[in-house]
Engineer: 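Can you read through this structure? Questions will come right after.
Keep in mind that what you see is a predicted model, and the values were worked out from it rather than measured.
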Amino acid sequence: MARVQEAYKGRNIVIEEPKSGRELVTSEPQLFIDDQQVKVIQNPDGTYSSEGLYYTKYASLSELARASIDSHQPEE
């Protein structure tokens, strides 16, 4: 499993994706924001959606995580 970690607006994002290649992939990608797992749905076209951001597709889990953080930020 490939693991990517990044910070965005002071929040910690961790993405765990199955490795691609010849091995049989049985696990789903996982997304965590500040150690809290975010329910991720991988769409048939390869994009990602989340329960918190209905009806919106994101090209990557990183984009989905940033949008999720932005949607929960208080407006200034």
Side-chain angles (χ1 to χ4, degrees):
M1 178 140 325
R3 180 180 172 103
V4 176
Q5 208 167 346
E6 66 178 85
Y8 179 73
K9 294 187 177 182
R11 309 287 297 274
N12 185 44
I13 299 169
V14 175
I15 299 167
E16 295 180 351
E17 293 188 86
K19 289 183 180 179
S20 59
R22 293 184 182 180
E23 65 189 59
L24 179 63
V25 177
T26 58
S27 60
E28 296 292 322
Q30 296 184 341
L31 171 63
F32 300 88
I33 299 174
D34 295 336
D35 296 323
Q36 298 292 318
Q37 187 169 9
V38 177
K39 174 76 172 146
V40 173
I41 301 154
Q42 187 168 17
N43 302 305
D45 63 359
T47 61
Y48 297 94
S49 298
S50 171
E51 288 181 343
L53 300 167
Y54 295 107
Y55 309 114
T56 306
K57 294 180 177 183
Y58 297 91
S60 70
L61 287 172
S62 185
E63 287 180 25
L64 189 151
R66 291 184 195 120
S68 182
I69 290 168
D70 289 343
S71 74
H72 290 92
Q73 292 277 29
E75 293 193 29
E76 298 179 12

Engineer: Could you check L31 against V14 for side-chain contact (heavy atoms from CB on, under 4.5 Å), going step by step and ending with a plain yes or no?
Structural biologist: CA-CA 6 Å; L31 171 63; V14 175; over 6 Å; no
Engineer: To the nearest 0.5 Å, tell me how far S49 OG sits from N43 CG.
Structural biologist: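 One gets 4.0 Å once the value is rounded to the nearest 0.5 Å.
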Engineer: For I33 and A65, which heavy atoms make the closest approach, and how far apart are they?
Structural biologist: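 Of all heavy-atom pairs spanning I33 and A65, the closest is CD1-O, 3.9 Å.
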Engineer: Under 3.5 Å, side chain of T47 to main-chain N/O of K57, donor-acceptor pair present?
Structural biologist: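 Checking the backbone N and O of K57 against the side chain of T47, no donor-acceptor pair under 3.5 Å is found.
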Engineer: Could you tell me whether E6 and R66 make a salt bridge, using a distance below 4.0 angstrom between a side-chain N and a carboxylate O?
Structural biologist: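 So E6 pairs with R66 through a salt bridge.
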Engineer: Should I41 and Y58 be counted in the same cluster of Ile, Leu, Val, Met, Phe, Trp and Tyr side chains packed under 4.5 Å apart?
Structural biologist: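 No, it is not one cluster - the side chains of I41 and Y58 are not joined through contacts under 4.5 Å.
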Engineer: If hydrophobic clusters are built from ILVMFWY residues whose side chains come within less than 4.5 Å, do I69 and L61 share one?
Structural biologist: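 Yes, I69 connects to L61 through the hydrophobic network.
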Engineer: Just wondering, more than 12 heavy atoms not from D45 lying within 6.0 Å of its CG?
Structural biologist: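 Buried by this count: over 12 neighbours within 6.0 Å.
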Engineer: So, the side chain of N12 versus the backbone of D34: is there a donor-acceptor pair under 3.5 Å, distance only?
Structural biologist: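 Checked: no pair found.
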Engineer: Return the OG to CD distance between S68 and E51, rounded to the nearest 0.5 Å.
Structural biologist: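 So the gap between those two atoms works out to 11.0 Å.
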Engineer: Can a salt bridge be assigned to the pair R3 and E16 using a cut-off of 4.0 Å between side-chain N and carboxylate O?
Structural biologist: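 Yes.
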Engineer: With a 3.5 Å distance limit and no angle check, can you tell me whether S50 reaches the backbone of V40 through a side-chain donor-acceptor pair?
Structural biologist: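 Between the backbone of V40 and the side chain of S50 there is no qualifying donor-acceptor contact (under 3.5 Å).
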Engineer: For the CD atom of E28 and the CD atom of Q42, what is their distance to the nearest 0.5 Å?
Structural biologist: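 Result: 6.5 Å between the selected atoms.
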Engineer: Could you grab the distance from atom OH of Y48 to atom CD1 of I15, nearest 0.5 Å is fine?
Structural biologist: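 Y48 atom OH to I15 atom CD1 measures 9.0 Å (nearest 0.5 Å).
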